[in-house]
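Reviewing the structure listed below.
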Amino acid sequence: MKILVTGREGQIARSLVEQARGRPNIVMETVGRPELDLVKPESVMAAIRERKPDLVVSAAAYTAVDQAEDDVDMALTVNAGGARAAAKAAAELGVPVVHLSTDYVFSGDKAGAYLEDDPVGPQSAYGRTKLAGEVAVADANPKHVILRTAWAYSPFGRNFVKTMLAQAQTRSSIGVVCDQFGNPTSALDIADGILHIARALAAMPSADKFGIFHLAGTGSTSWAGFAENIFVESRSAGGPFAAVQRISTAEYPSKAKRPANSRLSTDKLARVYGWRAPDWRLSCADIVRRLVQEAAPT
Ligand SMILES: NC(=O)c1ccc[n+]([C@@H]2O[C@H](COP(=O)([O-])OP(=O)(O)OC[C@H]3O[C@@H](n4cnc5c(N)ncnc54)[C@H](OP(=O)(O)O)[C@@H]3O)[C@@H](O)[C@H]2O)c1
């Protein structure tokens with residue numbers, strides 16, 4: 001099976017490449033700028049058409065959450081127009097598209113974990129453009145699997161785990177928000193989930209396998225809880241650590257408003273696909289250990 005991923009250097013694209021390595025019958029190919037530029041739908045269509053994949057993973061996106069507040073047109077062009085083009089190209093080839101979306105489509109007002117069909121209510125420009133992307137993808141390709149994920153981290157690119165470890169190199173105490181709750185999710189687990197979905201679709205592309213699904217780490221915490229866990233694991237692996245000072249959202253102003261609770265229920269994915277991500281603490285421990293080892297002098 002040939003899987004084509006949009007974006008080369010993104011956390012999820014790189015995780016897909018790593019997790020597919022050595023797996024028989026999977027060819028994982030990535031394509032990014034300049035050949036595939038989400039701002040230019042014709043480049044997206046051409047890049048996908050030429051490569052004739054069996055499945056498209058639409059992972060590239062405008063992901064700068066705060067910057068999007070001042071750059072709405074560009075974020076919308078990329079996250080809705082670009083996503084639509086990728087889904088449409090897949091539809092023309094008659095193949096499914098797996099499109100990555102976000103917990104930030106929700107308002108954060110719900111007390112429990114969000115279900116796929118709960119009302120959306122994005123609080124930020126990024127969330128609104130990603131929601132427009134979901135609508136565009138569903139409209140362009142009936143064979144769509146929209147995966148809402150959250151709080152992604154990995155050994156690659158920029159993410160919360162790497163930021164915490166870097167800050168702990170120079171600071172003994174770090175203020176981290178303790179009143180926003182979500183599911184930390186390893187991009188390597190997201191990649192495993194996507195590979196599972198790809199195999200299931202190839203085996204039996206039944207109607208129930210298409211639609212919106214939540215794919216996130218099992219268990220939830222606050223950003224402060226996440227940071228504390230990172231430092232426990234890093235310390236035990238001989239890496240940097242710091243004390244976490246629990247602060248409120250009000251004490252950490254940011255341009256884009258984040259949902260206070262964006263915990264995602266992953267029961268639908270487990271029910272339909274028989275797959276659930278590991279407990280977030282296990283995956284967090286693996287990645288922190290790996291980052292500490294990679295940073296150690298040889
Ligand atoms: N990270 C999270 O916490 C999180 C949470 C929920 C959902 N998601 C979603 O998951 C997906 C992947 O996230 P990620 O963490 O892997 O993102 P990422 O690391 O920020 O990577 C984004 C990728 O998109 C590419 N890109 C941006 N603009 C482009 C354009 N105009 N044309 C082509 N490529 C473009 C970037 O290319 P360059 O390398 O060239 O810049 C990069 O490869 C996104 O859809 C995101 O919305 C992420």
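Everything quoted here is computed from the prediction, not taken from an experiment. All heavy atoms count here, side chains included; hydrogens, waters and symmetry mates do not. Both counts, for ligands and for their atoms, begin at 1 and track the order of listing.
Judged by distance alone, the side chains of R276 and T266 do bring a donor and an acceptor atom under 3.5 Å apart. Judged by distance alone, the side chains of S124 and R128 never bring a donor and an acceptor atom under 3.5 Å apart. Using modelled atom types, one finds a donor on one side chain and an acceptor on the other under 3.5 Å when comparing D179 with T249.
When hydrophobic clusters are built by joining Ile, Leu, Val, Met, Phe, Trp and Tyr residues whose side-chain heavy atoms come closer than 4.5 Å, directly or via intermediates, L264 is not grouped with I212.
Those atoms of ligand 1 with a heavy atom of T102 less than 4.0 angstrom away are 6 (C), 7 (C). For ligand 1, the atoms closer than 4.0 angstrom to any heavy atom of D37 are 30 (C), 31 (N), 32 (N). Interface atoms of ligand 1 facing L36, defined by a heavy-atom separation under 4.0 Å, are 32 (N), 33 (C). Atom numbering of ligand 1 starts at 1 in the shown order; those under 4.0 Å from a heavy atom of A59 are 11 (C), 12 (C), 44 (C), 45 (O). For ligand 1, the atoms lying closer than 4.0 Å to a non-hydrogen atom of Y126 are 8 (N), 46 (C), 47 (O).
Within 6.0 Å of OH in Y252 there are 12 or fewer heavy atoms belonging to other residues, nucleotides or ligands.
Ion pairing between a basic and an acidic side chain is recognised when a charged N comes within 4.0 Å of a carboxylate O; D139 and R84 show such pairing. Under a 4.0 Å N-O distance rule, the pair E294/R290 qualifies as a salt bridge. The pair K40-E35 fails the salt-bridge criterion, with no side-chain N (NZ, NE, NH1 or NH2) lying under 4.0 Å from an Asp/Glu carboxylate O.
Geometrically, ligand 1 and V78 share no nitrogen or oxygen pair separated by less than 3.5 Å. In terms of polar-atom proximity, defined here as any N/O pair under 3.5 Å, T63 does make such a contact with ligand 1. Note: an N/O pair closer than 3.5 Å links K130 and ligand 1 by distance alone. At under 3.5 Å, not a single nitrogen or oxygen of A150, backbone or side chain, sits near a nitrogen or oxygen of ligand 1.
For atom 6 (C) of ligand 1, the closest heavy atom belonging to the protein is T149 O, 3.1 Å. In terms of protein heavy-atom proximity, atom 21 (O) of ligand 1 is closest to G10 CA, 3.2 Å. Of all protein heavy atoms, the one closest to atom 15 (O) of ligand 1 is Q11 NE2, 3.2 Å. In terms of protein heavy atoms, atom 13 (O) of ligand 1 is closest to I12 CD1, 3.9 Å. Regarding atom 4 (C) of ligand 1, its nearest protein heavy-atom neighbour is A152 CB, 4.0 Å. Of all protein heavy atoms, the one lying nearest to atom 32 (N) of ligand 1 is L38 N, 2.9 Å. The nearest heavy-atom contact from the protein to atom 22 (C) of ligand 1 is A61 O, 3.8 Å. For atom 36 (C) of ligand 1, the closest non-hydrogen atom on the protein side is R33 NH2, 3.9 Å.
Ring planes of H214 and F106: perpendicular class, angle over 60° (limits at 30 and 60°). Ring geometry, F226 versus W151: the interplanar angle falls under 30°, so the pair is classed parallel (tilted spans 30 to 60°).
K268 forms a cation-pi arrangement with F213, by the criterion of a distance under 6.0 Å to the ring centre and an angle within 45° of the ring axis. Judged by the 6.0 Å and 45° rule, R235 forms a cation-pi pair with F241.
If you check each of G7, G32, S101 against atom 9 (C) of ligand 1, the one with the closest non-hydrogen atom is S101. For atom 34 (N) of ligand 1, the nearest non-hydrogen atom from the set G133, P34, A60 comes from A60.
Of the heavy atoms in F156, none comes closer than 4.0 Å to ligand 1.
Within the structure, ligand 1 lacks Y62 among the residues with a heavy atom less than 4.0 angstrom away.
The salt bridge (charged side-chain N to carboxylate O under 4.0 Å, His left out) search around D192 returns R23, not counting sequence neighbours.
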